[in-house]
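Some notes on the structure that comes next.
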Amino acid sequence: MNIAIDGPAGAGKSTIAKKVASDIGYVYVDTGAIYRTLALACIRKGITADDERNVCDICKNTKVDIKYVDGEQIMLLDGENVNAYIRSEDVSRMTSSISVYKEVREQLIDLQRYIAEKENVIMDGRDIGTFVLPNAEVKVYLNASVETRAKRRYLEQKDKGVECSLEDIEKDIKERDYRDMHRDIAPLRKADDAVEVDTSYMTIDEVVMKIKDIIKEKAE
Ligand code: DC
């Protein structure tokens with residue numbers, strides 16, 4: 001059985017999906033991290049997001065891979081573990097910008113489908129229920145207000161000791177939402193058969209329980 005969780009930045013997808021996966025013994029696949037790894041490769045090569053030809057060149061000539069160590073997803077960029085470098089706001093912005101390109105999406109989709117074929121997965125992203133795994137048995141669309149999502153990101157960054165402003169994060173999130181929802185290929189949208197869950201006023205445990213209920217219902 002495969003479970004698809006889609007939704008905008010900061011809706012809580014990764015936190016929730018990771019917990020549910022560990023509770024029910026599924027493999028958690030964070031597809032944002034796959035796109036982020038390629039974005040990091042572009043930043044390291046000094047390529048700007050609007051330089052489609054060079055972004056696509058990097059895509060062809062770079063090996064993005066995943067391995068799992070004790071249940072943790074490790075992103076490999078040409079064999080190097082880059083988990084520590086793919087979460088910055090710079091990488092977030094670059095990722096959203098390069099993920100509009102057709103070649104980028106085509107190149108990275110095989111890896112996602114390959115893992116889902118081999119394992120029972122909970123996969124989170126933007127186009128999992130609509131495009132990557134259209135036949136997933138369970139589809140959830142996690143949502144929350146922009147204000148809530150910005151505040152969560154802000155607290156997360158502060159926790160890590162990163163200087164940031166709430167207004168900048170909110171502006172960034174709005175821009176990413178717009179880009180992710182309005183791109184030509186596989187834009188972020190709720191699949192027709194997905195259950196929408198608004199997490200704005202829910203605790204993590206409440207959302208985890210809700211998702212497990214949805215899975216249980218489907219399994220019956
Ligand atoms: O889930 P995340 O915030 O780590 O994703 C970062 C960016 O990657 C997001 O703004 C859009 C892109 N992305 C995508 O286009 N498709 C996916 N399945 C996952 C992420």
Side-chain angles (χ1 to χ4, degrees), residues 2-18 21 28-43 49 52 55-56 58-59 64 66 72-75 77 82-116 121-134 136 139-144 146 148-150 152-154 156-157 160 162 164 169-191 194 199:
N2 286 325
I3 300 163
I5 301 193
D6 289 301
K13 298 184 302 290
S14 58
T15 310
I16 303 299
K18 214 182 279 175
Y28 166 57
V29 186
D30 169 3
T31 63
I34 301 175
Y35 288 90
R36 283 171 181 272
T37 300
L38 190 70
L40 177 69
C42 294
I43 291 174
E52 180 172 359
V55 169
C56 293
I58 295 265
C59 191
V64 173
I66 287 188
E72 189 198 356
Q73 175 177 321
I74 309 280
M75 289 313 308
L77 173 59
V82 290
N83 276 22
Y85 311 112
I86 58 173
R87 297 286 156 201
S88 69
E89 292 301 310
D90 274 0
V91 172
S92 299
R93 229 169 289 130
M94 181 64 136
T95 309
S96 174
S97 298
I98 65 161
S99 60
V100 303
Y101 298 134
K102 185 165 173 258
E103 279 191 49
V104 167
R105 305 203 71 82
E106 281 177 357
Q107 190 83 17
L108 298 179
I109 201 167
D110 289 347
L111 176 60
Q112 300 166 57
R113 288 189 174 146
Y114 174 73
I115 302 167
V121 297
I122 297 192
M123 188 174 276
D124 86 27
R126 302 292 188 287
D127 58 341
I128 310 305
T130 51
F131 197 66
V132 180
L133 304 176
K139 296 183 187 178
V140 176
Y141 189 83
L142 273 196
N143 214 343
V146 172
T148 307
R149 293 188 281 126
R152 286 178 186 161
R153 246 320 113 82
Y154 174 74
E156 233 172 63
Q157 294 294 325
K160 286 191 225 154
V162 178
C164 55
I169 290 188
E170 190 168 323
K171 185 168 157 274
D172 243 41
I173 283 192
K174 280 184 183 158
E175 282 171 11
R176 278 175 64 193
D177 280 359
Y178 187 85
R179 258 197 312 266
D180 294 349
M181 289 173 182
H182 291 87
R183 64 183 177 220
D184 290 338
I185 311 147
L188 167 64
R189 68 170 183 84
K190 176 185 162 299
T199 69

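Whatever order the structure lists ligands and atoms in, that order sets their numbers, starting from 1. In this chain, residues are counted from 1 in sequence order.
Polar contact with ligand 1: present for Arg183 (N/O pair, distance under 3.5 Å). Taking only nitrogen or oxygen atoms, main chain and side chain alike, Gln112 does not reach within less than 3.5 Å of ligand 1. Ligand 1 has no nitrogen or oxygen under 3.5 angstrom from a nitrogen or oxygen of Thr95. Considering both main-chain and side-chain atoms, Arg126 comes within under 3.5 Å of ligand 1 through a nitrogen or oxygen pair. Remark: ligand 1 and Tyr35 share no N or O pair separated by less than 3.5 Å (distance only, no angle test). For Ser92, no nitrogen or oxygen atom sits less than 3.5 Å from a nitrogen or oxygen atom of ligand 1, counting backbone and side chain alike.
At a heavy-atom distance under 4.0 Å, no atom of Met123 approaches ligand 1.
Using modelled atom types, one finds no donor on one side chain facing an acceptor on the other under 3.5 Å when comparing Tyr85 with Arg36. In summary, the side chains of Arg152 and Thr199 do present a donor paired with an acceptor at a separation below 3.5 Å, with no hydrogens or angles considered.
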### Message
Quick one, Asp180 with Ser96, criterion side-chain hydrogen bond (donor to acceptor under 3.5 Å, both in side chains). Give me CA distance, side-chain angles, the key distance, then yes/no.
### Response
CA-CA 7 Å; Asp180 294 349; Ser96 174; 3.1 Å; yes
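For ligand 1 and Ser96, the ligand atoms under 4.0 Å from any heavy atom of the residue are 10 (O).
The nearest protein atom to atom 20 (C) of ligand 1, hydrogens excluded, is given as Gly32 CA, 3.6 Å; this is a heavy-atom distance. Distance from atom 4 (O) of ligand 1 to its nearest protein heavy atom, with residue and atom name: Arg36 NE, 2.7 Å. Residue, atom and distance of the protein heavy atom nearest to atom 10 (O) of ligand 1 are Asp180 OD2, 2.9 Å. The closest protein non-hydrogen atom to atom 16 (N) of ligand 1 is Arg105 NH2, 3.0 Å. The protein non-hydrogen atom at the shortest distance from atom 12 (C) of ligand 1 is Ser99 OG, 3.5 Å. If you check which protein heavy atom lies closest to atom 19 (C) of ligand 1, you get Thr31 OG1, 3.4 Å. Considering only non-hydrogen protein atoms, atom 3 (O) of ligand 1 sits nearest to Arg176 NH2, 2.8 Å.
Side-chain contact between Ile128 and Ile5 is absent, with no heavy-atom pair separated by less than 4.5 Å. Met181 places none of its side-chain heavy atoms less than 4.5 Å from the side chain of Pro187. Under the 4.5 Å side-chain criterion, counting only non-hydrogen atoms from C-beta, Gln112 is in contact with Leu108.
Open room surrounds CZ on Phe131; 12 or fewer heavy atoms of other groups in view lie less than 6.0 Å from it.
Between Glu106 and Lys102 there is a salt bridge, with a side-chain nitrogen of the basic residue lying less than 4.0 Å from a carboxylate oxygen of the acidic one. In summary, Asp6 and Arg189 do not engage in a salt bridge, as defined by a charged side-chain N under 4.0 Å from a carboxylate O. For Asp30 and Lys18, the salt-bridge test fails: no basic side-chain N is under 4.0 Å from an acidic carboxylate O.
Remark: distances from the non-hydrogen atoms of Arg179 to ligand 1 are all 4.0 Å or more.
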